[in-house]
Visitor: 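Supplied in structure tokens, the structure appears directly below.
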Amino acid sequence: MKNIPYQPQNFEKKWQEYWDMEKTYKSEISNQKSDNKQYVLAMFPYPSGAGLHVGHVRVYTGTDVTARFYRMSGRSVLHPMGFDAFGLPAENAAIKAKKNPMDMVPEHIETFKKQMKSLGLSYDWDREFSTTDPSYYKWTQWLFIQFYKMGLLYKKDTPINYCPVCKTGLAEEEVLPNGTHERCGNKITKKDLPQWIFKITKYADRLLADLKDLDWPEGILAMQRNWIGKKEGVIIHHKVDGMNIQLDTFSAYPAWLFADTFIVIAPEHPSVQKLVKGTQYEKEALNFIEEHKQMTQQEILSGNFEKKGVFTGKYALDPFNNNRKMPIWLANFALMDFGTGIIRCSAHDIRDYEFAQKYKIELDEVVDRVDKKIPVNAHDNSGTLKNSGPFSGRKIDQKLIKDVLDWVEETKIGKREVSYHLRDWIFSRQRYWGEPIPMIYCQKCQWQPVAEKDLPVKLPYVKSYEPTESGESPLSTIKEWVNTDCPKCGQPAKRETDTMPNWAGSCWYFLAFPFWNKESQSRVFHSSGSPGQAGFPSRSKQTFSTPSLASWAQQFKKSSNWLPVDRYLGGAEHAVLHLLYARFWVKALYDLKLLNFKEPFLKLSNVGMILAEDHRKMSKSWGNVINPDDVIKEYGADALRIYEMFMAPFSTEIPWSTEALQGAYRFVKRVWEIYQKIYGQSGSRTSEVGERSGKTSEVKLMAKLNKTIKKVTSDIPQVKFNTSIAAMMEFLNEWESASAKASANKGKMPLSKENAKKFLQILAPFAPFLSEEIWKTVFEEKQSIHLSSWPKVEGETAEEQIIIPVQVMGRLRDTITIQSSKRSDQKFIEELALKSEKVKKYLTTKPKKTIYVPGKIINFIT
RNA sequence: GCCGGGGUGGCGGAAUUGGUAUACGCGCAGGACUUAAAAUCCUGUGGUUGCAUAAACCUUAUGGGUCCGAGUCCCAUCUCCGGCACCA
């Protein structure tokens with residue numbers, strides 16, 4: 001009888017359907033003990049028309065391996081999947097395809113799901129949702145209202161970053177350093193538009209402090225820290241000579257406060273007008289301000305520009321130096337939104353120094369440096385102070401800084417102050433494809449949240465949804481939708497027409513999975529009318545259960561066992577935006593007592609990007625895209641999964657290699673073949689399978705198997721998938737040569753059925769199809785391998801033989817092999833080592849000293 | 001400039017955290033099978049010297065240091081990648 005060749009296409013579909021039907025991966029929390037649960041999550045995808053990318057495959061396989069491992073280890077596992085489908089890319093794609101995103105998104109989701117199933121990802125599909133489902137975004141809107149009620153949202157007419165191509169306002173974080181929009185790459189301009197703004201700055205301190213509890217990559221933590229950008233410093237109050245106004249400055253370097261000789265102020269600072277009004281300097285100042293406004297955009301683009309300023313004609317009085325007169329200058333480098341917008345300047349700063357040189361402003365020095373090579377204007381905290389009032393002669397150190405700050409506060413010259421880089425979060429988008437912001441404007445009652453019973457405020461299905469020329473949301477043109485009644489007084493009122501940014505849905509989706517179920521799903525967008533017709537939310541036909549604080553609390557109670565997320569896997573490109581926003585929402589919800597934890601993601605692992613074979617990014621325009629469907633078709637899903645887990649450490653960026661993929665294919669094929677050969681139909685008849693201890697090859701192989709099980713068991717939780725697979729490859733190599741030897745000698749096969757099953761089990765998380773097929777057809781098991789118990793290494797197993805390197809003076813000269821650690825006492829090893837000819841050659845005299853690390857190494861010192 | 005992470009064969013990378021450096025895979029070379037090729041299998045593969053499967057020496061970016069022993073720890077330097085940046 002012939003062995004069955006490895007043809008994954010013959011059985012992969014079968015098992016997909018079987019797992020679906022059997023609900024093999026349904027998540028159920030079996031007990032109340034939270035230490036037995038694992039919530040494993042990958043950052044959910046944006047379902048684009050291009051379908052899954054091999055990069056998606058990498059993250060999702062990563063969580064899948066982890067989830068399968070924990071499931072087999074007896075944990076309660078939550079491994080869900082959803083779709084993040086609101087936002088600009090989908091809307092722009094829809095405009096391009098001349099399709100309504102409401103019709104397009106579900107099609108894309110179907111493609112994604114189909115591809116995910118073909119990869120054998122073990123999701124609990126009953127929990128699936130898309131952020132665009134009204135049944136989901138009713139909650140997003142409900143959360144908005146809660147945040148509004150707790151005072152975290154305000155509407156403000158404010159100059160904002162505006163993308164003229166996307167025709168929408170943007171958050172600070174969405175603008176790249178070169179002044180372009182992070183999504184579309186076009187140049188940003190400034191525009192005044194009324195915006196809903198989130199007071200994320202209120203949480204700056206907590207967002208920073210709580211980072212210390214997180215098991216996240218150091219780089220991501222650093223990026224979050226930098227973004228929040230906390231600076232502790234001091235505010236100094238100044239009187240202006242001959243005027244009745246106060247100027248406050250911010251300084252982060254209190255040691256040099258006595259050195260400051262002049263002050264610069266941001267051109268857009270409100271006090272500027274007062275300072276120059278009616279003076280001979282007014283005209284020049286106004287010109288400068290105007291010029292500065294013009295320059296703003298170019299400045300962002302060029303990055304580097306000339307430091308310029310004009311004198312205001314006024315002087316501030318320096319409280320540090322007996323009210324010495326400090327000239328006040330307008331300067332184009334003073335930022336209105338950092339510190340107070342006003343800076344005390346001194347010689348001990350490169351920029352200040354250069355500015356003073358340029359405009360011939362007097363400078364003063366207060367530092368005696370030990371190292372004379374350090375330039376005056378370097379930010380260097382060494383040396384001793386001079387000309388610094390009570391602090392002259394003091395060494396610059398932490399104690400001095402503290403004393404200066406204390407003194408400043410005692411003398412009421414100023415006070416300690418903390419400044420942040422983090423800005424409030426602009427939450428309005430003037431676009432169609434997003435969650436409508438559930439607010440209503442009434443002439444009399446001002447802004448009012450939509451009543452809970454009227455949620456969701458459904459996005460109307462419309463023909464035209466392209467951005468308007470005025471910069472207003474396209475929703476504003478739909479009168480029937482806009483006009484409504486005030487929830488408070490009942491008078492005619494208007495809906496907010498801005499929508500939420502893409503981030504809204506992803507800020508809390510991980511909180512939704514635990515309580516989501518098939519019944520809560522609804523991908524129906526039309527509450528009335530047929531596609532192409534406008535459909536509006538109808539209060540009489542409300543089909544959604546009414547969300548309320550009570551019902552949330554109820555839902556949460558049911559699901560709280562799962563939370564927070566234990567393992568979160570995703571790309572480093574979300575280091576700031578998504579992760580910061582989600583952390584912020586969780587903290588706000590904690591304050592609302594809707595959650596009992598403060599951080600959403602306990603352990604975060606980054607996935608590295610997969611580049612094309614030519615080392616460039618995969619892109620349609622380069623024609624270098626690898627489609628996972630094609631790979632699966634040719635090599636099967638298991639080979640693709642094994643390859644992507646083996647190609648490099650999980651977080652490393654790496655180019656695709658079809659040759660290396662073939663190596664992975666060879667591995668799964670060899671696994672298939674050895675099981676067929678030994679335990680398959682032909683195998684079981686021709687060769688006796690047995691396990692008898694005593695024979696060296698069998699003992700060795702069992703030791704190797706145990707070592708491999710241990711390795712895989714400890715590697716998976718550490719996200720070290722590549723070394724897990726390497727260990728399994730090593731085992732297969734040994735197993736193959738041992739069985740080849742056995743069949744040559746017509747001996748028994750070196751691995752019993754039970755032990756052969758163990759290897760299949762540890763392979764199962766990586767190669768779910770192949771392992772299930774062998775499990776069910778070769779071993780004729782009834783239950784899925786993925787519900788079997790992870791193999792344990794019994795205590796009483798044979799040990800692998802131990803090789804002990806022998807060194808003379810720290811140089812390797814020979815190795816000795818012992819069969820068991822029981823023979824590893826020093827005397828025995830030493831005698832053995834001294835017998836070696838090679839060792840004798842280098843050991844001409846008796847060693848003065850012998851260093852022996854049991855079971856590790858022996859070193860003779862002469 | 002500031003913050004973070006790296007630098008190990010021809011390539012991706014391993015190394016139980018101070019104990020045989022180069023596991024595993026790819027590639028390459030030689031061989032088997034084949035009319036031939038592909039596929040598959042076997043053997044070899046860090047460098048130098050060497051007929052050698054004898055032996056010796058060298059080797060984890062560079063230079064020092066600690067230690068019986070360093071890819072791993074310490075100091076300095078070079079360099080690459082990622083992030084931030086007129087931030088006072």
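Numbered from 1 within each chain, the chains take letters A, B, ... in sequence-line order.
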Visitor: Quickly work out the A:Arg666 CZ to B:G25 C1' distance and round it to whole Å.
Guide: 9 Å

Visitor: Between A:Trp735 and A:Tyr675 (judged by ring centroids, cut-off 6.0 Å), do the two rings come close enough to count as a pair?
Guide: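 Close enough - the centres of the two rings lie under 6.0 Å apart.
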
Visitor: So what does A:Gly309 hit on the nucleic acid, given a heavy-atom distance under 4.0 Å: a base, only sugar-phosphate, or nothing?
Guide: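 The residue A:Gly309 makes no contact with any strand.
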
Visitor: Heavy atoms under 4.0 Å, any strand shown: does A:Phe667 hit a base, just sugar-phosphate, or nothing?
Guide: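 Here A:Phe667 touches no strand at all.
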
Visitor: Applying a 4.0 Å non-hydrogen cut-off, can you work out what A:Arg225 is touching in the nucleic acid: base, sugar-phosphate, or nothing?
Guide: nothing

Visitor: Less than 3.5 Å between a donor and an acceptor, one on the side chain of A:Asn859 and one on the base of B:C68, is that the case here?
Guide: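 Checked by distance alone, the answer is yes.
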
Visitor: Distance between the P atoms of B:U35 and B:A15, in whole angstroms?
Guide: 46 Å

Visitor: Describe the nucleic acid contact of A:Ile654 in one word from base, sugar-phosphate, nothing, applying a heavy-atom distance below 4.0 Å.
Guide: sugar-phosphate

Visitor: Atom CD of A:Glu659 to atom P of B:G12: distance rounded to whole Å?
Guide: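 The distance from CD of A:Glu659 to P of B:G12 comes to 14 Å, rounded to the nearest Å.
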
Visitor: Using Watson-Crick or G-U wobble geometry with both distances below 3.5 Å, tell me the partner of B:G30, or none.
Guide: B:C42

Visitor: Checking all strands, does A:Ala727 fall into the base, sugar-phosphate, or nothing category for heavy-atom contacts under 4.0 angstrom?
Guide: nothing

Visitor: Can you tell me if A:Asp614 and A:Asn624 form a side-chain donor-acceptor pair at under 3.5 Å?
Guide: yes

Visitor: Closest approach to the side chain of A:Thr723, judged atom by atom: which nucleotide of B:U40, B:A15, B:A55 is it?
Guide: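 So the nucleotide nearest the side chain must be B:A15.
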
Visitor: Quickly work out the A:Tyr665 OH to B:A39 P distance and round it to whole Å.
Guide: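 After rounding, the gap between these two atoms is 12 Å.
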
Visitor: With a 3.5 Å limit on both atom pairs, tell me what B:A54 is paired to, counting Watson-Crick and G-U wobble, or say none.
Guide: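 Partner of B:A54: none.
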
Visitor: How far, in whole Å, is B:C87 from B:G82 if one measures between their P atoms?
Guide: 23 Å

Visitor: Remember a base hit wins even if backbone is also touched, and classify A:Ser657 as base, sugar-phosphate or nothing at under 4.0 Å, heavy atoms.
Guide: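 Contact class for A:Ser657: none.
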
Visitor: For the pair A:Lys707 and A:Glu730, find out whether any cationic side-chain nitrogen is under 4.0 Å from an anionic carboxylate oxygen.
Guide: no

Visitor: Taking the basic N atoms (NZ, or NE/NH1/NH2) and the acidic carboxylate oxygens, is any pair closer than 4.0 Å for A:Glu736 and A:Arg670?
Guide: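 Counted as a salt bridge, because a side-chain N and a carboxylate O are separated by less than 4.0 Å.
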
Visitor: Tell me which nucleotide, if any, is Watson-Crick or G-U wobble paired with B:C78 when both distances must be under 3.5 Å.
Guide: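 Answer to the pairing question: B:G7, which forms a Watson-Crick or G-U pair with B:C78.
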
Visitor: According to the Watson-Crick and G-U wobble definitions, with both distances under 3.5 Å, which nucleotide is paired to B:U35?
Guide: none

Visitor: Look at A:Arg344 together with A:Asp352 and state whether they make a salt bridge at an N to O cut-off of under 4.0 Å.
Guide: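 A:Asp352 and A:Arg344: not salt-bridged.
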
Visitor: Mind checking A:Ser419 for me? I need base, sugar-phosphate or nothing, with any heavy atom below 4.0 Å counting as a touch.
Guide: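 No contact.
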
Visitor: Taking the six-membered ring for Trp and the single ring otherwise, decide whether the centroids of A:Phe759 and A:Phe731 are under 6.0 Å apart.
Guide: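 Yes, they do, as the ring centres are separated by less than 6.0 Å.
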
Visitor: In whole angstrom, give me the gap between the C1' atoms of B:G46 and B:G71.
Guide: 15 Å

Visitor: Using the C1' atom in both, what is the distance from B:G27 to B:G13, to the nearest Å?
Guide: 14 Å

Visitor: Under the rule syn = chi within 90° of 0, otherwise anti, which is B:U77?
Guide: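 Base orientation relative to the sugar is anti.
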
Visitor: With a non-hydrogen cut-off below 4.0 angstrom, is A:Ile861 in contact with a base, only sugar-phosphate, or nothing?
Guide: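 Sugar-phosphate, no base atom in range.
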
Visitor: How long is the line joining CD1 of A:Ile851 and C1' of B:C67, in whole Å?
Guide: 9 Å

Visitor: Would you check if the distance from the ring center of A:Tyr665 to the ring center of A:Tyr643 is below 6.0 Å?
Guide: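 Aromatic pair excluded; centres sit 6.0 Å or further apart.
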
Visitor: Could you work out the separation of B:G18 and B:A76 based on their C1' atoms and round it to a whole Å?
Guide: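 Comparing C1' positions in B:G18 and B:A76 gives a spacing of 22 Å.
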
Visitor: Would you please indicate if the ring centroids of A:Phe262 and A:Trp329 are separated by under 6.0 Å?
Guide: no

Visitor: If I pick the C1' atom on B:C84 and the same atom on B:C67, what distance separates them, to the nearest angstrom?
Guide: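 My reading of the C1' atoms in B:C67 and B:C84 gives 40 Å.
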
Visitor: Taking the side chain of A:Glu730 as its heavy atoms from C-beta onward, which of B:C24, B:C57, B:A14 lies nearest to it?
Guide: B:C24

Visitor: Using whole Å, report how far CG of A:Leu580 lies from P of B:G83.
Guide: 17 Å

Visitor: With a cut-off of less than 4.0 Å, is there a side-chain N or O of A:Asn722 near OP1 or OP2 of B:A14?
Guide: yes

Visitor: Under 4.0 Å between a side-chain N/O of A:Arg811 and OP1 or OP2 of B:C58, yes or no?
Guide: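 Checking A:Arg811 against B:C58: at least one side-chain N or O falls below 4.0 Å of OP1 or OP2.
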
Visitor: Using both distances under 3.5 Å as the test, list the Watson-Crick or G-U wobble partner of B:G19, or none.
Guide: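 Partner of B:G19: B:C68.
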
Visitor: Categorize A:Pro217 for me: base, sugar-phosphate, or nothing, with a 4.0 angstrom heavy-atom threshold over every strand shown.
Guide: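 No contact.
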
Visitor: Specify the glycosidic conformation (syn or anti) of B:G9, with syn defined as within 90° of 0.
Guide: syn

Visitor: Of A:Lys711 and A:Ala726, whose nearest nucleotide on RNA chain B comes first from the 5' end?
Guide: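 First, find each residue's nearest nucleotide; the 5'-ward one identifies A:Lys711.
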
Visitor: With a non-hydrogen cut-off below 4.0 angstrom, is A:Tyr842 in contact with a base, only sugar-phosphate, or nothing?
Guide: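 Sugar-phosphate: the residue A:Tyr842, judged by heavy atoms under 4.0 Å, touches backbone atoms but no base.
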
Visitor: Taking B:G63 as the reference, what is the distance to B:A70 when you measure between their P atoms (whole Å, please)?
Guide: 15 Å

Visitor: Applying a 4.0 Å non-hydrogen cut-off, can you work out what A:Lys848 is touching in the nucleic acid: base, sugar-phosphate, or nothing?
Guide: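 Contact class for A:Lys848: none.
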
Visitor: Any base atoms under 4.0 Å from A:Lys230, or only sugar-phosphate, or nothing? Heavy atoms, all strands.
Guide: nothing

Visitor: Please measure how far the C1' atom in B:U20 lies from the corresponding atom in B:G69, and state the result in whole Å.
Guide: 12 Å

Visitor: Side chain of A:Met729: nearest nucleotide among B:C41, B:C24, B:A21?
Guide: B:C24

Visitor: Would you kindly give the CZ-to-P distance between A:Phe860 and B:G69, to the nearest whole Å?
Guide: 16 Å

Visitor: Consider the side chain of A:Lys856, meaning its heavy atoms from C-beta on, and name the nucleotide among B:G13, B:U16, B:U20 that approaches it most closely.
Guide: B:U16

